[in-house]
Amino acid sequence: MKIAILHYACYPVVGGVESIISTHARLFEAAGHEPFIIAGRGNPAAISLPGVIIPEIDSKHPDVLKVQAALLRGEEWAGPEFERLVACISDLLSDALKGANACIVHNAFTLHKNLALTVALAQLAVGKESDKRWVAWCHDLAWSNPLYVDELSSGWPWEALKTQLPNVTYVAISEQRRAEMAHLFGLPRSSITLVPNGIDPEMFIPCSPQMSSLRTRFNWDERDWVLLAPVRVTRRKNLGLALQITAAMRAGGGKPLLVITGPPGPHNPRSDEYFNELLRLRAALDLREEAVFLALEGAGGGPLHVSDDMVNELYWWSDALLVTSVQEGFGLPLLEAGLARLPIFCSSLPVLREVGAENAHYFNPRDNPTNIAEMIRITLEEPGIAAMRRKVLTSYTWDAIFHERVLPLLA
């Protein structure tokens with residue numbers, strides 16, 4: 001499908017509508033569609049897309065600014081000049097839309113920054129281009145914003161900004177905007193599609209190709225919690241308890257993932273024996289999908305050497321630190337977790353209490369794993385940083401939003 005994405009301007013900026021357009025275009029392309037940009041200024045090539053620049057649809061075009069100001073003052077010449085501008089934009093857009101199956105318009109249907117463009121789009125959507133799929137992506141509404149009261153007037157063409165068009169699918173970016181649009185158009189809220197803005201976590205959190213591959217392989221974003229055990233496999237780390245806690249969290253209806261980073265300890269010949277014990281326990285608990293030993297099964301399915309850089313990424317991508325040791329000399333992972341703002345759950349050992357003080361959550365390593373799992377679950381589900389972070393990863397990534405809510409708009 002060939003998809004036109006239209007906005008006043010096109011720039012490779014972080015944040016704002018322009019950034020959303022760039023993200024949508026990339027995702028449409030990855031899904032096998034052919035997106036292209038129609039804008040009044042900017043450079044589509046700067047975001048690696050084909051496009052058409054039509055200066056007359058720019059919100060800062062001098063003719064647009066002049067005519068709209070004159071219309072607001074009620075000057076007689078402004079009406080005919082406005083209609084001329086509408087006809088000009090309509091013809092230019094019709095040419096630009098040749099071959100397109102759909103047109104996604106950001107803001108111009110409901111925002112007054114170029115009224116001639118708003119009217120031209122309305123005419124095309126219900127007229128000679130009505131065979132296309134039209135989507136009005138509404139980030140802002142002129143008639144609902146008190147800041148714009150001095151820039152609007154009753155009657156035509158300002159009425160176009162609150163006229164619902166029968167051939168257009170309206171999208172709101174939040175429940176607040178959805179309610180405002182429903183009130184503006186006199187429609188039930190359910191008739192307006194909600195598509196929240198999203199985020200690409202890999203733009204904000206360190207993520208090497210190797211880390212990205214791990215996230216994909218182990219369905220990272222679909223988990224309820226990812227517990228990190230950044231330790232070598234030695235008996236004093238008591239990793240059997242970590243496996244039992246993970247099994248208890250799953251038994252309680254959760255979707256956990258336990259990530260154990262290290263290989264068997266290099267100085268104790270019995271470490272390999274303990275590693276095999278853990279693998280047998282994992283099999284007995286049926287935890288192959290919920291517990292991973294990176295030293296045995298990395299992103300490609302084989303052993304993975306976890307570098308310091310990889311450990312750093314794992315801290316940033318996990319939901320909590322889990323330390324189940326029965327003996328420790330210090331507790332460096334608690335410091336690392338503190339820098340990564342990661343909730344800490346650890347054995348109630350004197351040295352760990354010395355390091356973590358009141359900033360960690362403690363349990364008796366000889367307690368029932370179900371009780372420990374419940375404490376961890378309740379803590380992670382409390383409102384705050386941990387719960388918000390997991391909410392972002394499960395509900396607000398652009399990949400999820402795009403496939404669940406954007407693609408169906410064009411079905």
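Index from 1, following the sequence.
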Next item on the list: Ignoring hydrogens and angles, tell me if any N or O in the side chain of H7 forms a donor-acceptor pair with the backbone of H106 under 3.5 Å.
Entry: yes
Item checked: Set of salt bridge (charged side-chain N to carboxylate O under 4.0 Å, His left out) partners for E202, sequence neighbours left out -> R215
Next item on the list: Mind jotting down which residue pairs meet the salt bridge (Lys or Arg N to Asp or Glu O under 4.0 Å) criterion with at least one end in residues 43-72? Sequence neighbours excluded, please.
Entry: R41-D58
Next item on the list: Can you see which heavy atom on A39 is nearest to which on C10, and at what distance?
Entry: CB-CB, 3.8 Å
Checklist line | Nearest heavy atoms of I192 and A182, plus distance in Å | finding: CD1-N, 3.4 Å
Distance-only donor-acceptor hits, side chain of residues 115-122, under 3.5 Å, sequence neighbours excluded:
residue, atom, partner, partner atom, Å
T118, OG1, A108, O, 2.6
T118, OG1, N114, O, 3.4

Checklist line | N/O donor-acceptor pair under 3.5 Å between R282 side chain and L287 backbone | finding: no
Checklist line | Close side-chain approach of P166 and V126, heavy atoms under 4.5 Å | finding: yes
Notebook entry, point to check: What distance do L257 atom CG and W220 atom CH2 have between them, rounded to the nearest 0.5 Å?
Noted result: 6.0 Å
Next item on the list: Report the C-alpha separation of I38 and L93 in whole Å, then their side-chain angles, then the decisive distance to 0.1 Å, and conclude whether the side chain to side chain contact (heavy atoms under 4.5 Å, CB included) test is met.
Entry: CA-CA 8 Å; I38 301 177; L93 284 178; 4.0 Å; yes
Checklist line | Side-chain heavy atoms of S347 within contact of Y362, under 4.5 Å | finding: no
Notebook entry, point to check: Shortest non-hydrogen contact from T23 to W398?
Noted result: CG2-CD1, 3.4 Å
Item checked: Side chains of M310 and L214 in contact at under 4.5 Å (non-hydrogen atoms) -> yes
Checklist line | Of all pairs that satisfy salt bridge (Lys or Arg N to Asp or Glu O under 4.0 Å), the ones with a partner from residues 135-144, not counting sequence neighbours | finding: D140-R177
Next item on the list: Write out all pairs satisfying side-chain hydrogen bond (donor to acceptor under 3.5 Å, both in side chains) with one or both partners inside residues 309-320, taking only residues at least two apart or from two chains.
Entry: S208-E313, N312-W316, Y315-E336, D319-R389, D319-R390
Margin query: Using 0.5 Å steps for rounding, measure from the OG1 atom of T110 to the CG atom of L141.
Written below: 5.0 Å
Margin query: Which heavy atom of L97 sits nearest to which heavy atom of W134, and what is that distance?
Written below: CD1-CH2, 3.8 Å
Notebook entry, point to check: Should E180 and H183 count as side-chain neighbours, where that means a heavy-atom distance under 4.5 Å?
Noted result: no
Checklist line | Minimum-distance pair of heavy atoms, taken over all atoms of A337 and I344 | finding: CB-CG1, 3.7 Å
Item checked: Contact check, side chains of V195 and W137, non-hydrogen atoms, under 4.5 Å -> yes
Next item on the list: Could you check if a side-chain atom of Y274 sits within less than 4.5 angstrom of a side-chain atom of R236, using non-hydrogen atoms only?
Entry: no
Extract all donor-acceptor atom pairs below 3.5 Å that involve side chains of residues 239-256 and protein atoms in other chains or at least two apart in sequence.
residue, atom, partner, partner atom, Å
T246, OG1, A242, O, 2.8
R250, NH1, D286, O, 2.5
R250, NH1, E290, OE1, 3.2
R250, NH2, L285, O, 2.9
K255, NZ, E222, O, 3.2

Check: For Y396, is the NZ or CZ atom of K391 found under 6.0 angstrom from the centre of its six-membered ring and inside 45 degrees of the ring axis?
Finding: no
Next item on the list: Among residues two or more places apart or on two chains, list those pairs meeting side-chain hydrogen bond (donor to acceptor under 3.5 Å, both in side chains) that have a residue in residues 155-174.
Entry: none
Check: What distance separates R26 CZ from F28 CZ, expressed to the nearest 0.5 Å?
Finding: 12.0 Å
Notebook entry, point to check: Within a strict 4.5 Å, meaning less than it, do heavy atoms of the V306 and L314 side chains meet?
Noted result: yes
Note to self: If you apply the rule side chain to side chain contact (heavy atoms under 4.5 Å, CB included), what do you find for C346 with L321, and how did you get there?
What the structure shows: CA-CA 8 Å; C346 63; L321 174 72; over 6 Å; no
Item checked: With S307 via side chain to side chain donor-acceptor pair (under 3.5 Å) - residues at least two apart -> none
Would you mind writing out the side-chain donor-acceptor pairs for residues 373-385 within the sub-3.5 Å range, not counting sequence neighbours?
residue, atom, partner, partner atom, Å
E374, OE1, R377, NE, 3.1
E374, OE2, R377, NH2, 2.6
R377, NH1, E381, OE1, 2.6
T379, OG1, M375, O, 2.8

Taking only distance into account, with no hydrogens and no angle test, what donor-acceptor pairs under 3.5 Å do side-chain atoms of residues 399-411 form with protein atoms, sequence neighbours excluded?
residue, atom, partner, partner atom, Å
H403, ND1, D399, O, 2.9
R405, NH1, L194, O, 3.0

Next item on the list: Using a strict 4.0 Å threshold on nitrogen-to-oxygen distance, state whether E297 and R217 make a salt bridge.
Entry: no
Next item on the list: Could you go through the side chain to side chain contact (heavy atoms under 4.5 Å, CB included) check for F218 and V226 one step at a time?
Entry: CA-CA 10 Å; F218 298 114; V226 176; over 6 Å; no
Next item on the list: Could you tell me the separation between the CG atom of D200 and the OG atom of S19, rounded to the nearest 0.5 Å?
Entry: 9.5 Å
Margin query: Tell me the closest heavy-atom pair linking V135 and V168, and the distance in Å.
Written below: C-CG1, 4.4 Å
Note to self: Check this for me, if you would: do E277 and R280 make a salt bridge, where the nitrogen-to-carboxylate-oxygen distance has to be below 4.0 angstrom?
What the structure shows: no
Check: Using the ring of each side chain (for Trp, its six-membered ring), is F275 parallel, tilted or perpendicular to F293, with breaks at 30° and 60°?
Finding: tilted
Margin query: Rounded at 0.5 Å granularity, tell me how far OG in S22 sits from CD1 in I37.
Written below: 8.0 Å
Item checked: Approximate separation, where rounding is to 0.5 Å, of H33 NE2 and L27 CG -> 11.0 Å
Check: Are F363 and L322 close enough, and set up right, to give a side chain to side chain contact (heavy atoms under 4.5 Å, CB included), and what steps lead you there?
Finding: CA-CA 11 Å; F363 54 82; L322 180 60; 4.1 Å; yes
Next item on the list: Ignoring hydrogens and angles, tell me if any N or O in the side chain of S348 forms a donor-acceptor pair with the backbone of P365 under 3.5 Å.
Entry: no
Notebook entry, point to check: Do the side chain of Q68 and the main chain of H112 share a donor and acceptor less than 3.5 angstrom apart?
Noted result: yes
Checklist line | Set of salt bridge (charged side-chain N to carboxylate O under 4.0 Å, His left out) partners for E289, sequence neighbours left out | finding: none
Next item on the list: For residues K98 and K2, determine if any side-chain heavy atom of one lies less than 4.5 Å from a side-chain heavy atom of the other.
Entry: no
Checklist line | Of all pairs that satisfy salt bridge (Lys or Arg N to Asp or Glu O under 4.0 Å), the ones with a partner from residues 70-80, not counting sequence neighbours | finding: R73-E75
